[in-house]
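Chain naming here is simple, since letters A, B, ... match the order of the sequence lines and numbering starts at 1 in each. The structure presented is a predicted model; accordingly, all values stated were derived computationally and were not measured.
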2 protein chains.
Amino acid sequence: MANQSLRQRLGARRPYVLDEQVGFILRQVYQRHAALFMSVVGEDLTTTQWAALSRLHQNGPCSQNLLGRHTAMDASTIKGVIDRLQARGLVERLADPEDGRRLLVQLTEAGREVVSRTLPLAQLVTEQTLAPLNLEERQTLLDCLAKLI
Amino acid sequence: MANQSLRQRLGARRPYVLDEQVGFILRQVYQRHAALFMSVVGEDLTTTQWAALSRLHQNGPCSQNLLGRHTAMDASTIKGVIDRLQARGLVERLADPEDGRRLLVQLTEAGREVVSRTLPLAQLVTEQTLAPLNLEERQTLLDCLAKLI
DNA sequence: AGTTTTTCATATGTAGACAAACATTTCTGG
DNA sequence: CCAGAAATGTTTGTCTACATATGAAAAACT
């Protein structure tokens with residue numbers, strides 16, 4: 001109103017309200033999603049571990065670093081994730097015969113079982129995360145978010 | 001097309017494509033934002049440290065746990081954050097005379113200086129994070145995200 | 001060929017993020 | 001009033017996340 005236009009005429013900005021900042025909101029939405037994932041999926045799987053497993057399922061075996069790039073993790077993060085998945089027998093590392101630097105990472109039989117058991121639950125989590133929005137809003141949200149990556 | 005309706009008639013779902021899942025997208029958007037924040041703000045401040053500082057600036061002194069709730073951090077997370085801010089002299093802890101359990105956390109003079117120096121940069125980061133969207137899209141995005149907290 | 005650069009995996013250190021367990025203090029219900 | 005419940009802060013352990021440094025292997029270059 002009058003106040004608003006006065007502020008604009010003076011060149012002053014809106015005050016900085018933490019709860020209105022994208023970053024703060026994004027962190028909370030992701031927190032809610034991650035908590036939902038853990039509680040729905042069980043299996044003691046984290047969202048990042050699931051990203052690695054589902055990427056291996058979708059794309060097949062892959063070098064560790066490349067898998068990291070395909071799951072938005074840097075080299076040291078993906079290493080830790082694969083370490084833990086390997087310790088649980090869901091994944092195995094093989095030397096790449098074609099490149100002495102690379103480790104080929106692939107799902108084990110147990111890993112494939114976990115993936116097929118988890119897939120429908122992961123879909124459910126996506127659905128539940130978006131539950132407060134209607135179909136049109138969901139599409140808009142995903143489109144906007146995709147532009148911000 | 002024909003394929004699509006066949007799948008629907010059979011009750012089958014769309015395949016699970018990792019890159020289309022909200023959780024995976026959210027993580028990447030937040031990563032980009034956090035990296036942007038660190039590079040624009042400097043001061044060696046993280047987004048969560050900034051959340052604590054700006055909340056104290058906005059709301060005044062506060063017990064440690066309550067501050068955690070106001071910044072979406074659990075008790076052990078906010079403790080670590082305040083530990084580090086205190087070690088840098090940006091924040092101080094006082095015993096609450098009214099409640100023997102509580103620690104009152106408040107900004108120091110140095111903390112207030114960092115906040116005023118950082119505020120305009122934090123606004124810039126918000127702006128840059130949303131840069132790929134027009135004004136209408138930004139509002140829609142924030143509205144949708146707010147429903148997902 | 002040999003040198004430089006890049007890539008890959010690893011290691012270390014710092015920082016969120018949360019669960020679970022704990023002691024202390026405060027609040028509440030009977 | 002007093003016992004049980006709840007809140008506050010701390011500690012420990014596990015897991016992401018990244019910067020930086022290192023050694024080894026491959027690619028690119030002259």
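Regarding B:Met38, its CE atom lies at a distance of 11 Å from the C1' atom of D:dA17, rounded to whole Å. Atom C1' of nucleotide C:dA15 and atom CG of B:Leu90 are separated by 16 Å, given to the nearest angstrom. The nearest whole Å value for the distance from the CG atom in B:Leu36 to the P atom in D:dA17 is 18 Å. Taking atom CD of B:Gln31 as the reference point, atom C1' of D:dT16 lies 10 Å away to the nearest angstrom. Rounded to a whole Å, the CD atom of A:Gln49 is 14 Å from the P atom of D:dT14. Rounded to whole Å, atom C1' of D:dT16 lies 15 Å from atom NE2 of A:His33. For the pair A:Asp44 CG and C:dC18 P, the computed distance is 16 Å after rounding to whole Å. Between the OH atom of A:Tyr30 and the P atom of C:dG16 there is a distance of 17 Å, rounded to whole Å.
B:Trp50 and A:Tyr16 have perpendicular rings, their planes meeting at more than 60° on a 0 to 90° scale where under 30° would count as parallel.
The shortest distance between side-chain heavy atoms of A:Leu56 and A:Cys62 falls below 4.5 Å.
Electrostatic pairing of B:Lys147 and B:Asp143 does not count as a salt bridge here, judged by no charged N lying under 4.0 Å from a carboxylate O. Ion pair A:Arg55/B:Asp19 flagged as a salt bridge, since at least one NZ, NE, NH1 or NH2 atom sits closer than 4.0 Å to an Asp/Glu carboxylate oxygen.
The other residues sharing a hydrophobic cluster with A:Ile149 are A:Val22, A:Ile25, A:Leu26, A:Val29, A:Tyr30, A:Leu130, A:Leu133, A:Leu141, A:Leu142, A:Leu145, A:Leu148, B:Val22, B:Ile25, B:Leu26, B:Val29, B:Tyr30, B:Leu130, B:Leu133, B:Leu141, B:Leu142, B:Leu145, B:Leu148, B:Ile149, where clustering joins ILVMFWY side chains under 4.5 Å apart.
Annotation: of the two residues near DNA chain D, B:Ala35 and B:Asp83, the 5′-most nearest-nucleotide partner is B:Asp83.
With hydrogens and angles ignored, the 3.5 Å screen pairs a side-chain donor or acceptor of A:Glu137 with a backbone N or O of A:Asn134. Listed for the B:Arg27 side chain is no donor-acceptor partner under 3.5 Å among the backbone atoms of A:Thr48.
Of all the residues in residues 93-107 of chain B, B:Arg93, B:Arg101, B:Arg102, B:Leu103 reach under 4.0 Å from DNA chain D with at least one non-hydrogen atom. Looking at residues 63-79 of chain B, you'll see B:Asp74, B:Ser76, B:Thr77 sit with a heavy atom under 4.0 Å from some atom of DNA chain C.
If you chain together hydrophobic residues whose side chains sit under 4.5 Å apart, A:Val41 and A:Leu124 fall into the same group.
Summarising the local packing, CD of B:Glu109 is surrounded by more than 12 heavy atoms from other residues, nucleotides or ligands at distances under 6.0 Å.
At D:dC15, none of the side-chain N or O atoms of A:Thr46 fall inside 4.0 Å of OP1 or OP2 (strictly under the cut-off).
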